[in-house]
Amino acid sequence: MKKSIIAGFAAILLLASCNKDKEILNTLNTYNTSMEAKGYHFGDKLELPKEVTENAESVTISFGDKETTDLTIDPKFFTLGDNAVTFNIKTKGGEVLNQDATINVFAKNPEKNIPYQIVAEYPHDPKNFVQGFQIEGNTIYESDGQNGSSQILKYTLGTTTPLASTKQAQEDFSEGSTIVGDKVYQLTWQSKKGYVYDKSSLKLLSEFAYPNVLGEGWGLTYDGKSLIASDGSKLLYFLDVNDPSKLIKYIAVAGSSQAYDQLNELEYHNGFIYANVWQKPIILKINPANGEVVGTFDFTEIAKQNTKGSDDVLNGIAFKGDNMLVTGKNWSKIYEVQIK
């Protein structure tokens, strides 16, 4: 009889412990779900519910191969945008509880809507599926996509006749491009390699493999020190210009209430990165130091005039002095806009 009483008491304790563990996890899940939409800013402290803290001997957060006991949103640990983490709770009863969660980190300051006005229009060859777009002097350098018709070319602004061009192989889908000194660098979408051309003749000089972290090639620009590439995610990758297979660092991109992914064609100008967002008529102005979006351009009206299908979208940024040139895939026009 005594053994039965002891066993029954143990079962009650075990059941109570299990119920407590479930209560801790349910409370933590409710908190994390509510904060996922609201988001955090760098420097914020995670204010975990008392149901968690009062019953925990320790709480850690795992993110990738990192783990921290600091419940502060530290940029050394978290990135802007979504962070897939795991909460690890060691209870005072000796149990170890784990719960996956998403911690969204947003920029502190709201991004500004940047006004502009159209000051000029130029012809653009509507056959060109623009992937990379830049200007030097009065010469446009353009990378055009699609398997079987991908190319790098250059032409004088105001005309559509190529001064020089080089075709890519059938299997290549050309993507972003940028000018570095007397060379032009160009990415491919899924071939996992890029090309380097002589700027004058567009003769192919060499090719390079992507660093493993770069899943695909989307946009490309140059900040005077490093190549900056996008792969359709929220990340921008800084690559060694002398060895583009080498990753220097990466940053994540977010505004004050949302993370931005699908980052496509890129341009660097006067200390900021400008990025198209695939399938959206907006261009982001990004602080390269931390990935914060400080401003947005709304090109909805221009896009409406030129977008008839699903792919002929805004995609092309270049700077002619302090004015911005914008165009899109298979558009018949290039627009010069003055930023107000």
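Computation of the quantities below employed the complete heavy-atom set of this structure, encompassing side-chain atoms and omitting hydrogens, waters and symmetry-equivalent molecules. Numbers here are sequence positions counted from 1.
Between K154 and E142, none of the side-chain N atoms (NZ, or NE/NH1/NH2) sits under 4.0 Å from a carboxylate O, so this pair counts as no salt bridge. One finds a salt bridge joining K333 and E121 here, because a Lys/Arg side-chain nitrogen approaches an Asp/Glu carboxylate oxygen to under 4.0 Å.
K192 is linked by a salt bridge (Lys or Arg N to Asp or Glu O under 4.0 Å) to nothing, counting only residues two or more places apart in sequence or in another chain. Scored by the salt bridge (Lys or Arg N to Asp or Glu O under 4.0 Å) test, D82 finds K234 as partners (sequence neighbours excluded).
Between the side chains of T30 and N26, no donor-acceptor pair is found at a separation under 3.5 Å. Residues E336 and N323 have side chains that bring a donor and an acceptor to within less than 3.5 angstrom of each other. Defined by atom type and a distance below 3.5 Å, a donor-acceptor pair is missing between the side-chain atoms of Y116 and Q338.
Formation of a donor-acceptor pair under 3.5 Å by the S245 side chain with backbone atoms of A209 is found in this model. Remark: side-chain polar atoms of T91 are paired, donor with acceptor, to backbone N or O of G93 under 3.5 angstrom. Judged purely by atom type and a 3.5 angstrom limit, Y31 has no side-chain atom pairing as donor or acceptor with the backbone of P49.
F129 places a side-chain heavy atom less than 4.5 Å from the side chain of D311. D125 has its side chain out of reach of Y155: every pair of non-hydrogen atoms, C-beta onward, lies at least 4.5 Å apart. Within the 4.5 Å cutoff, side-chain heavy atoms of F319 are placed close to those of I339. Between L239 and P211 the shortest side-chain heavy-atom distance falls below 4.5 Å. Within the 4.5 Å cutoff, side-chain heavy atoms of F299 are placed close to those of V326.
Only one option out of Q168, K167, Q151 pairs with S174 in a side-chain hydrogen bond (donor to acceptor under 3.5 Å, both in side chains); it is Q168. Partner of S256 under the side-chain hydrogen bond (donor to acceptor under 3.5 Å, both in side chains) criterion, out of K108, E111, E292: E111 alone.
When all heavy atoms are compared, the tightest approach of E36 to N104 is O-ND2, 2.8 Å. Considering all non-hydrogen atoms of both residues, V130 and G328 come closest at CG2-O, 3.5 Å.
No more than 12 heavy atoms of other residues, nucleotides or ligands shown are found within 6.0 angstrom of OH on Y250.
With a 6.0 Å cutoff to the six-membered ring centre and a 45° limit on the axis angle, K285 does not count as a cation-pi contact of Y274. With Y237 as the aromatic partner, K249 does not meet the cation-pi criteria of under 6.0 angstrom to the ring centre and within 45 degrees of the ring axis.
Remark: K38 NZ to D44 CG distance equals 8.5 Å, nearest 0.5 Å.
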Review item, side-chain donor-acceptor pairs of residues 220-230, under 3.5 Å, at least two apart:
residue	atom	partner	partner atom	Å
T221	OG1	Y268	N	3.0
Y222	OH	G224	O	3.0
D223	OD1	K225	N	2.8
D223	OD1	S226	N	2.6
S230	OG	G219	N	2.7
S230	OG	L263	O	3.1
S230	OG	N264	O	3.1

